[in-house]
Amino acid sequence: AMGGNHTQPKFILLGITDTPWAQAPLFGLFLLIYVVTLAGNIGLMVLVWVAPSLHTPMYFFLTHLSLADVCYSTVISPKMLTDLLFGNKTISWAGCMTQFHLFALFATAECHLLAAMAYDRHVAVCHPLSYVTAVSPRACWHLVAWSYLVASLSALIYTACTFGGSFCRPRRVDHFFCDAGPVLRLSCSDTHGREVAIFALAATNGLGTAVVILLSYGRVLYAVLAMRSAPSRARAFRTCASHLVSVSMFYGSLFFMYLQPASRHGSRDKVASVFYTVVSPVLNPFIYSLRNKEVKAALGKCRRR
């Protein structure tokens with residue numbers, strides 16, 4: 001029941017580690033990564049916005065991917081950094097719920113955006129003649145709107161399932177942010193049904209988008225290997241490979257976290273979480289764009305201006 005403050009307790013986030021000497025180095029490392037995440041993703045968004053040569057579907061999806069990366073790393077990193085620096089690890093019930101809800105929303109949107117990007121590459125490489133109509137500006141907006149719609153509905157269900165019960169004392173969340181698993185373990189009421197619901201929805205979102213991505217890149221790689229010219233084959237292969245590295249890291253760590261039963265979770269969870277909450281957002285702009293000729297050309301133009 002959502003009563004007054006006296007009924008809504010605070011949670012304590014136990015953090016990434018309780019080893020005293022590790023707090024300062026981890027703070028420095030994660031602060032650096034967070035600053036680079038913001039610079040890389042916001043820089044890419046601004047570049048796509050100001051450079052007419054980048055007004056293409058691929059970069060349209062990339063700006064939305066960067067937006068999702070900025071949002072969900074901002075939902076998690078600042079709180080984690082202040083906890084590491086000041087050791088103040090409490091978070092209110094509303095704060096905990098908001099953090100989880102926003103994280104779930106942007107992480108789910110990211111899955112659907114990655115699928116949209118894979119579809120875009122598939123059409124570009126395998127059906128170049130129908131590309132302009134298949135991936136029209138309207139179709140792009142529809143795909144992005146669909147990503148956020150599904151993500152919003154999913155996040156509401158995840159949050160309702162996670163915070164729907166009553167919580168026992170002591171309310172210690174064994175994690176560096178309010179995630180479903182660690183919060184559900186604090187519930188006094190039976191969580192089996194809610195865990196199954198979360199699992200089913202996570203599996204639908206995760207596996208559904210993963211299948212689209214694998215099929216798309218599978219078709220792309222098949223088309224690439226059939227190319228006559230060796231240089232263009234090598235270039236297309238490098239692009240595909242780098243996308244797949246990013247996707248595998250994001251999905252591998254997500255699946256490790258959410259597609260295993262609650263009883264199996266342990267200390268490795270925090271390490272897996274670091275990959276999709278901290279490492280993935282910082283690498284995406286570099287993996288997807290900074291090696292591209294179009295982006296280098298646009299950067300060069302901006303510098304000359």
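Below, all heavy atoms of this structure are taken into account, side chains as well, without hydrogens, waters or symmetry copies. Just so it is clear, the structure is predicted and the values come from calculations on it, not from any experiment.
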Original post:
What pairs meet the ring pair (Phe, Tyr, Trp, His ring centres under 6.0 Å) rule with one or both residues in residues 123-144, with sequence neighbours excluded?
Top reply: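 Checked against ring pair (Phe, Tyr, Trp, His ring centres under 6.0 Å) - neighbours excluded - the pairs reaching residues 123-144 are Phe60-Trp141, His64-Trp141, His122-His127.
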Any donor-acceptor pair under 3.5 Å from [X] side chain to [Y] backbone:
X	Y	result
Arg121	Met117	no
Thr19	Trp21	no
Lys270	Gly15	yes
Asp120	Ala116	no
Glu195	Leu184	no

Could you check whether any side-chain heavy atom of [X] comes within less than 4.5 Å of a side-chain heavy atom of [Y], counting everything from C-beta outward?
X	Y	answer
Leu283	Met249	yes
Arg194	Thr162	no
Ile12	Val173	no
Ile213	Tyr119	no
Ser246	Asn284	yes
Cys188	Phe167	no
Tyr158	Thr108	yes
Phe61	Leu114	no

I'd like to know if the side chain of [X] pairs up with that of [Y] as donor and acceptor (distance under 3.5 Å, no hydrogens or angles considered).
X	Y	value
Asn205	Ser154	yes
Tyr251	Thr209	yes
Thr74	Tyr34	yes
His243	Tyr217	yes
Thr159	His101	yes
Ser280	Asp69	no

Original post:
When clusters are formed by joining ILVMFWY residues with side-chain heavy atoms under 4.5 Å apart, either directly or through shared neighbours, do Phe86 and Leu29 land in the same one?
Top reply: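 Linked within one cluster.
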Subject >> Shared hydrophobic cluster, Val36 / Phe275 (ILVMFWY, side-chain heavy atoms < 4.5 Å) >> reply: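 Result: yes, single cluster for both.
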Subject >> Candidate pair Phe103 and Phe177, rule ring-ring contact (aromatic ring centres under 6.0 Å, His included), full reasoning >> reply: CA-CA 10 Å; Phe103 160 71; Phe177 74 103; 4.9 Å; yes
Original post:
Should Leu81 and Leu85 be marked as a side-chain contact (heavy atoms from CB on, under 4.5 Å) after you check the CA-CA gap, both sets of side-chain angles, and the distance that decides it?
Top reply: CA-CA 6 Å; Leu81 289 168; Leu85 189 60; over 6 Å; no
Original post:
For Cys111, which residues count as a disulfide (SG to SG under 2.5 Å) partner, sequence neighbours excluded?
Top reply: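 By the disulfide (SG to SG under 2.5 Å) rule, Cys111 matches no residue at all.
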**OP:** Test Ser152 against Leu105 for side-chain contact (heavy atoms from CB on, under 4.5 Å), laying out the working first.
**Re:** CA-CA 6 Å; Ser152 303; Leu105 193 153; 4.0 Å; yes
Taking atom [atom1] of [X] and atom [atom2] of [Y], what is their separation to the nearest 0.5 Å?
X	Y	atom1	atom2	result
Arg233	Leu225	CZ	CG	7.5 Å
Tyr72	Ser77	OH	OG	10.0 Å
Asp179	Gln99	CG	CD	9.0 Å
Cys96	Phe163	SG	CZ	4.0 Å
Phe176	Asp269	CZ	CG	10.0 Å
His175	Ile76	NE2	CD1	8.0 Å

Original post:
How are the rings of Phe106 and Tyr148 set to each other: parallel, tilted or perpendicular (split at 30° and 60°)?
Top reply: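 Phe106 vs Tyr148 ring planes: perpendicular.
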**OP:** For the residue pair Tyr276 and Phe250, categorise the inter-ring angle as parallel (less than 30°), tilted (30 to 60°) or perpendicular (more than 60°).
**Re:**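 It falls in the perpendicular class, over 60°.
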How far apart are the closest heavy atoms of [X] and [Y], and which atoms are they?
X	Y	value
Met257	Ala272	CG-CB, 4.1 Å
Ala118	Ser216	O-CB, 3.4 Å
Phe255	Ala210	CZ-CB, 4.1 Å

Subject >> Trace of the side-chain contact (heavy atoms from CB on, under 4.5 Å) decision for Tyr258 with Ile198 >> reply: CA-CA 9 Å; Tyr258 299 107; Ile198 290 174; 5.6 Å; no
Subject >> Pairwise salt bridge (Lys or Arg N to Asp or Glu O under 4.0 Å) hits with a residue in residues 73-86, at least two apart >> reply: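 Every pair satisfying salt bridge (Lys or Arg N to Asp or Glu O under 4.0 Å) with a residue in residues 73-86: Lys79-Asp83.
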**OP:** Considering only NZ, NE, NH1 and NH2 on the basic side and carboxylate oxygens on the acidic side, decide whether Asp174 and Arg185 come within less than 4.0 Å.
**Re:**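 The answer is no: the pair does not qualify as a salt bridge.
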**OP:** Determine, stepwise, if the pair Cys140 / Val135 fulfils side-chain contact (heavy atoms from CB on, under 4.5 Å).
**Re:** CA-CA 6 Å; Cys140 291; Val135 193; 3.6 Å; yes
